[in-house]
Undergrad: 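Handing you this structure, nothing more for now.
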Amino acid sequence: MPDKEQPTLLVIDGHSLAFRAFYALPVDSFQTRDGQHTNAIHGFLAMFINLLKAEKPTHLAVAFDISRHSFRTREYADYKGTRGETPSEFVGQVPLLKECLHALGVTTLEKEDFEADDILATLASQGRAEGFRVLVVSGDRDTIQLVNDDVTLLYPSRQGVSDLTRYDVAKVHDRYGIRPEQYPEIAALVGETSDNLPGIPKVGEKTALKWLNQFGSLDAILEHRDEITGVVGNNLREYADNAIRNRKLNRLLTDVELPVGPADLERRPADEQQVREVFARLEFRTLLDRVLKLEGFGGDSEVGQAAAAAAAAAVQNAPTPVTLLDEELTGWFGRQGDSPVAVQVETIDGFPVGVGLGTSTETVFLPWIPNSPDYTPLESWLAGPSPKILFDAKKQIKALSAAGLPLGGLAFDPVIAAWLLKPDSSADRSLAQLVDRHLLETLPTPDPNQLVPETDTAFGPAEEAWYVWRVAEALTALLDERTQRVLTEIELPVLQVLARMELTGVTVSHSQLSALSTELGETAAGIATEAFGIIGREVNLGSPKQLQEVLFDQLDMPKTRATKTGYSTDAGALADLQATNPHPFLGLLLAHRDATKLRQIIESVDKAIAPDHRVHTTYVQTGSSTGRISSTDPNLQNIPVRTEESRRIRQAFQVGEGYETLLTADYSQIEMRIMAHLSGDSGLIDAFHSGEDLHRFVGARIFSVDPADVTPIMRTKVKAMSYGLAYGLSAFGLSKQLRIETAEAKQLMTDYFERFGGVRDYLRNVVVQAKVDGYTETIFGRRRPFANLNSANRVLRDNDERAALNAPIQGTAADIIKLAMIDIDADIAAGGLRSRMLLQVHDELVFDVAAGEWDALEAIVTTRMAGAASLSVPLDVQVGRGLDWDAAAH
DNA sequence: AGTGAGACGTA
DNA sequence: CGTACGTCTCACTT
């Protein structure tokens, strides 16, 4: 720490240090995306930050040369005349460096006709007189003359800029054997090639030093020049003018008239906004962090020190929350203006009991109890349009909703943003994880030993809000423009819709489900008994391990596809076995699987029926890598539909009490339509405009027959082919699925691509483009990165290639239905309808329709779904009506 | 109590 | 050797 009695003045030769940094750091490694070189700036600032940390100056300035011309060039035109052109990569970095310094609150000085070192000398001299400890940083050896008991020179080493050698009087004596003020006399005799100042020929440091020790000064040496013998004596007499000239030129001026004196150079706080702006422009991320963590931009006063310490502490610890009431709270909200505030709702059993608010510098905690007029300002602010950041907003919106509190102004959700940036469905996106990853800090955890949190617990929602705010800021900086639009125009609006859908739930008949479950249980038991009779023993039919014993040991069936733990007993493998080795056990096993699987699903749904007779699923908005929404607890997106039996499950999903009917609406063949649009394939586009059945139309083209002559078998093959395309289906996979020869599957694919070459070109191009970009993009700008498209590992690469093929198609479909949901929700609200959205199953929506609202709702739904995107093919929407989900299907 | 594998439901 | 999910059971580990 600096001596409080003696303030420290740090003065730097900006130009010489920047130039050293320029040569110390590789030019190519430091440039912005638009090509601005930044190595000199980066090197200088890195050194500068280290200096501030190490020396803790109370006052500081950076001096620059204005041009190459000064009083010295007027006196001696060849001064510094040997210096070549300034490298073009260096030009332009100095103004930017000055901009950085100004943002950091640092005074820069320059004066026509003088060099930076003259400014340093003047400030050093004045500073000493005013009682400062002075640190001079310069790459020019002439500044050695400035060193004295109060002035120290920090001179950069040969290899870099951050490594500074400290020259005090003792060090100068060590190095040169002289007092600092004698250095220019030595330099005058020796000369300075870099300044194009020739000295006395054959006189080097050693001779000069000898003379100086012998006669005491340059003047004395010159006085006694006739006494010196030999060649050097002759040279001295002949070139004495050189030494006289050099001494005149290398004398640094200590009386330059400056607009400020040392006392005016007290450290000022950085303008954080400006620092962020200019550092962002220069793409200095790590430097920004270092600058922001730097303490002591608060001046040298006691208050300044305290503020600096507080600022430094704030990097690690959240500000202590305050509790505000009435007009204080209203005032606080007013002061936030249009700046976003992080909101963290504290809940007990899902019901709000308090609200934490956070900004970058403040935290507020507000207890909340229902129906208290004290909290009216909070409630109206929550409902209003002021921008808010909510971590896992849907959960919080639901909690607030339980207390009857609406939320408006949702501007950001770090969980969603992190997912958009890295949409791996399995990633950990907890607050602790995001703090760790994006702030490089550790989120404090509440004391685990404290079972009942104190009212003034050290870490609560307000502190969390502060972290949320900062995580949001860090994530915002990472969002490109398109991703930002996906967030604000799709994800945040649909988040609100999903919250309402979850709160609404869907009516499910417990009695129907339990009856069905019982029935299926009996069926399964009967099948099991029969199966046991056939194999002569009881096994667990749900155990693949035991089934393997039965099939491959006891019944001696041929081995099926290998798995990690043995051989497959899945439906496909069993069907293969049935074809080659017919056995009644196989059919019974499959039937048993069907029955128990259905029963499982029924049980899980039945268990989830809430007291309101409705099932409230949770939609996981970040649950997929493509943009789709997933559904859990229970999963209502995989309710069986294909078999007659399974439709009885859907019959248990019924119109809500007080509503007239269910409405279902789904997109037909949306992914094929998106593929037609993205590929621009004229054949496929024609197919969708023809009004003909898609697979019949495509089949007619491929098999060269009339649409009317496309047989069901042909149609099945074409259908499998079409759907498989968007998944990266191979000929082998197609043959497997259709149970045809690989050669035939290959021929089918060849014929397909011959007629629909645009599709093949598109699919090929998606992968090529993704290899170049590293990500795919939907037509609305949703990106999905891929890491292994260029991997040497074929399995990884092929997997990524197929996923990359599919991502824009599946993702665009997800975007489209989300946009439709947002529009439909808005229209329902605007129209004052009571009807409500219940379910989303990727390409299908289900609604409760209020009495008398069918026509209005159907119009809204079909219009908004069909109009959610403008593609080169129409979006076809099928609507159905019925009292249960099965009946409403069409 | 938690985990991985296998199986299978949906779009 | 077809994308994207969630959930169940079994079999195993802690």
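Note that the structure is predicted; figures quoted are calculated from it, not measured.
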Undergrad: Mind checking A:Gly542 for me? I need base, sugar-phosphate or nothing, with any heavy atom below 4.0 Å counting as a touch.
TA: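 Answer is sugar-phosphate: A:Gly542 comes under 4.0 Å of backbone atoms only.
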
Undergrad: Hey, what's the ring geometry for A:Tyr567 with A:Phe552, parallel, tilted or perpendicular (30° and 60° as the breaks)?
TA: perpendicular

Undergrad: Is a salt bridge present between A:Arg783 and A:Asp773, judged by a nitrogen-to-oxygen distance below 4.0 Å?
TA: no

Undergrad: If every non-hydrogen atom of A:Leu857 is compared with every non-hydrogen atom of A:Leu663, which pair is closest and at what distance?
TA: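 Of all heavy-atom pairs spanning A:Leu857 and A:Leu663, the closest is CD2-CD1, 4.1 Å.
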
Undergrad: Using atom CD of A:Gln840 as one end and atom C1' of C:dC5 as the other, report the distance to the nearest whole Å.
TA: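 Value for this atom pair: 12 Å.
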
Undergrad: Using the side chain to side chain contact (heavy atoms under 4.5 Å, CB included) rule, pick out the option among A:Leu516, A:Thr643, A:Val641 that qualifies with A:Ile649.
TA: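 The residue from A:Leu516, A:Thr643, A:Val641 that satisfies side chain to side chain contact (heavy atoms under 4.5 Å, CB included) with A:Ile649 turns out to be A:Leu516.
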
Undergrad: Can you check the A:Ile674 CD1 to C:dA4 P distance for me, whole Å?
TA: 16 Å

Undergrad: What stems involve DNA chain B, if each pair must be Watson-Crick or G-U and both of its distances must be under 3.5 Å, with 3 or more such pairs in a row?
TA: B:1-11 with C:3-13

Undergrad: Show me the donor-acceptor pairs, under 3.5 Å and distance only, between side chains in residues 531-542 of chain A and residues at least two apart or in other chains.
TA:
from     : atom 1 : to       : atom 2 : distance (Å)
A:Arg537 : NE     : A:Gln554 : OE1    : 2.9
A:Arg537 : NH2    : A:Gln554 : OE1    : 3.4
A:Asn540 : OD1    : A:Gly542 : N      : 2.8

Undergrad: To the nearest Å, give me how far apart CG (A:Asp800) and C1' (C:dA4) are.
TA: 14 Å

Undergrad: So, using salt bridge (Lys or Arg N to Asp or Glu O under 4.0 Å) as the criterion, who are the partners of A:Asp886 when residues are at least two apart?
TA: none

Undergrad: Whole Å only: how far is the CD1 atom of A:Ile809 from the P atom of C:dA4?
TA: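 So the CD1-P distance, A:Ile809 to C:dA4, works out to 12 Å.
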
Undergrad: With a non-hydrogen cut-off below 4.0 angstrom, is A:Asp798 in contact with a base, only sugar-phosphate, or nothing?
TA: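 Nothing, no heavy atom under 4.0 Å.
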
Undergrad: Using only side-chain N and O atoms of A:Ser625, determine if any of them is under 4.0 Å from OP1 or OP2 of C:dA4.
TA: no

Undergrad: Under 30°, 30 to 60°, or over 60°: which ring-plane class applies to A:His583 and A:Phe585, parallel, tilted or perpendicular?
TA: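 A:His583 vs A:Phe585 ring planes: perpendicular.
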
Undergrad: Round to a whole Å and report the spacing from OH of A:Tyr752 to C1' of C:dG2.
TA: 15 Å

Undergrad: With sugar-phosphate meaning primed atoms plus P, OP1 and OP2, does A:Arg794 contact a base, only sugar-phosphate, or nothing at under 4.0 Å between heavy atoms?
TA: nothing

Undergrad: With sequence neighbours left out, write down each residue that passes ring pair (Phe, Tyr, Trp, His ring centres under 6.0 Å) with A:Trp419, or none if nothing qualifies.
TA: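 Result, ring pair (Phe, Tyr, Trp, His ring centres under 6.0 Å) vs A:Trp419: none returned.
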
Undergrad: From NZ of A:Lys818 over to C1' of C:dA4, roughly how many Å is that when rounded to an integer?
TA: 13 Å

Undergrad: Taking atom P of C:dA4 as reference, at what distance in whole Å does atom OH of A:Tyr723 sit?
TA: 18 Å

Undergrad: Atom pairs, N/O to N/O, protein against nucleotides 12-14 of chain C, distance under 3.5 Å?
TA:
from   : atom 1 : to       : atom 2 : distance (Å)
C:dC12 : OP1    : A:Lys545 : NZ     : 3.4

Undergrad: With distance as the sole test, does A:Thr626 use its side chain to make a donor-acceptor pair with the main-chain N or O of A:Ala807 at under 3.5 Å?
TA: no

Undergrad: Reading nucleotides 5-11 of chain B 5' to 3', which nucleotides get B (base under 4.0 Å from a protein heavy atom), which S (sugar-phosphate only), which -?
TA: SSSBBSB

Undergrad: With nearest nucleotides of DNA chain C determined for A:Ala726 and A:Ser630 from heavy-atom distances, which residue corresponds to the more 5′ nucleotide?
TA: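 Residue closer to the 5' terminus by nearest nucleotide: A:Ala726.
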
Undergrad: Would you say the side-chain atoms of A:Asn788 pair up with the backbone N or O of A:Ser791, donor to acceptor, closer than 3.5 Å?
TA: no

Undergrad: When the distance from CD of A:Gln621 to C1' of C:dC5 is rounded to whole Å, what number comes out?
TA: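 It works out to 16 Å between those atoms.
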
Undergrad: Pick base, sugar-phosphate or nothing for A:Asp666, based on heavy-atom distances below 4.0 Å to the nucleic acid.
TA: nothing

Undergrad: With side chain to side chain donor-acceptor pair (under 3.5 Å) as the test, would you mind laying out the steps for A:Asp633 and A:Thr618 before giving the verdict?
TA: CA-CA 6 Å; A:Asp633 197 28; A:Thr618 301; 4.9 Å; no

Undergrad: Look at all strands and tell whether A:Glu603 reaches a base, only sugar-phosphate, or nothing, counting heavy atoms closer than 4.0 Å.
TA: nothing

Undergrad: Determine, using ring centers only, whether A:Phe688 and A:His677 are less than 6.0 Å apart.
TA: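 Centroid separation for A:His677 and A:Phe688: 6.0 Å or greater.
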
